[in-house]
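The structure appears right after this line, and notes come after that.
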Amino acid sequence: MLAAARCVVYRDLLLALRRRGDVAVALLFFVIVASLFPLGIGAEPNLLRSIAPGVIWVAALLSSMLSLGRLFAADYDDGTLEQMLLGAAPLGVVAAAKAFAHWLVAGLPLVAIAPLIALQYDLGAGLWGILALSLLVGTPVLSLLGAVGAALTLGLRGGGVLLSLLVLPLYVPVLIMGAGAVEMAAAGLGGGGQLLVLGAMLVLAAAFAPWAIAAALRISLE
Amino acid sequence: MKWFWYASPQTFYPLAGRIARWSALGAAVLAVCGLYIGFFVAPTDAQQGEAYRIIFIHVPAAWMSMFIYVVMAVWSALCLALNTRLSGMMAAALAPTGALFTFIALWTGSLWGKPTWGTYWVWDARLTSELILLFLYLGFIALRASIDDPRRADRAAAVLAVVGVVNVPIIYYSVQWWNTLHQGASVSLTRAPSMAATMLTGMLVMALAFWLYAIAVSMVRVRCIIRERGE
């Protein structure tokens, strides 16, 4: 069972490595969106400092969502997904592995690059750690919830726009807690509480989302 | 069991018609009574003046918006667990009514907010979570609309509704926490000290009227869906 999961993760990472452009585009999107806000709002340092956590989190959320469309699409088109469904490994495990691979490709680079954006927004160096930590705990939840939406909209017309309509309302708690942790830390109150709630959401999502993804995939492949 | 007898769309169709007729009648009578109590019998509020009278629409609509989502999720869970045709149809029939009530709650809330709070919109925890609930309803309807095969649409939307209903409390509490973190308790909906008995009666009668309306409309809609699918 774990071997199957390892196989799926390895395969997806290999595919992402062969198509490095896709990963780079999502990262670039994150940077560009975050850079647009000062241009629209004005470069007043105090203002930027106060909106930085929210902007960075919204940009991360959109960037992670952007790559969801590709999560199952290629496997669906060439029939791999059907083989996975027929295979011996439980579909829930395969789904969890795919979501994990998506996070490694679309979530983890955001964690690494977020301090750079924080620098642009003049966020104090002491807050980089908590920003990265909140993204580290929060982005896997985005991948897991997003995978449910991706599985539901598989092969539908207007899938991309529909996917955002389904998934974005579900992302709200993660956004609130993720940005809240950084804001609390900036106010000198420590963001530990929010981080713990984020962790609880991750545990919940990791436990239940794979079943929802598997159910959605079965429906989409009927 | 009689219950499963009615689980078939064919046998349910005439029953739905009867329920719809009586519920519509009840809803009309109760709405007239409730509005009469609300506008003519209930006293003017000492603090809010006449503006408070919108609660006779607003509060029942807000209750129904949340309640219908839960009912929809229960039908969806039944659809996934038992794979019955009628459950998916019921969930589909309830969604537009739920979205409508959510929209009415938001709309009347902002109309009430202008004279009372001085603004149409505040990022109050309840308003925000009601708005997100509207998005959840619209997502459910949009997902159904984009799938051509009705059976697949039923089950895909059912998964979404079940995932959504698990998220609703999480969304509500996180929004509440976010709200207290941002602006403190500048506005509170929960004060309403001791409400006059007539106001409460009016509100409960209106809630019953909305309830019966929701039943009537969803029964009519489920009949249309049964017809559409040629069951």
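Lettering of chains follows the sequences in order, A, B, ..., and the numbering in each one begins at 1.
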Measure B:A145 against the heavy atoms of chain A and call it side chain, backbone, both or neither at under 4.5 Å.
backbone
Would one find more than 12 heavy atoms of other residues, nucleotides or ligands at under 6.0 Å from atom CH2 of B:W63?
yes
Contact part of A:V174 toward chain B, heavy-atom cut-off under 4.5 Å: side chain, backbone, both or neither?
neither
For chain A, which residues from residues 166-173 of chain B lie under 4.5 Å away (heavy-atom distances)?
B:N167, B:I170, B:I171
Tell me if the OH atom of B:Y213 is crowded by more than 12 foreign heavy atoms within 6.0 Å.
no
Between A:I176 and chain B, which part of the residue has a heavy atom less than 4.5 Å away: side chain, backbone, both or neither?
side chain
Max heavy-atom pair count under 4.5 Å with chain A, selected residue of B:L138, B:L80, B:D148, B:L133
B:D148
Give me the atom names and distance for the closest heavy-atom approach of B:R152 to A:L154.
NH2-O, 3.0 Å
Checking A:L162 against chain B: side chain, backbone, both or neither under 4.5 Å from a heavy atom?
side chain
B:L131 versus chain A, heavy atoms under 4.5 Å apart: side chain, backbone, both or neither?
neither
Is the number of heavy atoms from other residues, nucleotides or ligands under 6.0 Å of A:F208 CZ greater than 12?
no
Side chain, backbone, both or neither of A:L168 within contact of chain B (heavy atoms, under 4.5 Å)
neither
In Å and rounded to the nearest 0.5 Å, what is the CG to CG distance from A:L166 to B:L136?
9.5 Å
Spacing of B:D149 atom CG and A:I219 atom CD1 [to the nearest 0.5 Å]:
11.0 Å
Please determine whether the number of non-hydrogen atoms from other residues, nucleotides or ligands lying under 6.0 Å from atom CH2 of B:W211 exceeds 12.
no
Nearest heavy-atom pair of A:L156 and B:S146: which atoms, and what distance?
CD1-OG, 3.7 Å
Sorted by number, residues from residues 154-164 of chain B in contact with chain A (heavy atoms, under 4.5 Å):
B:R155, B:A156, B:V159, B:L160, B:V163, B:G164
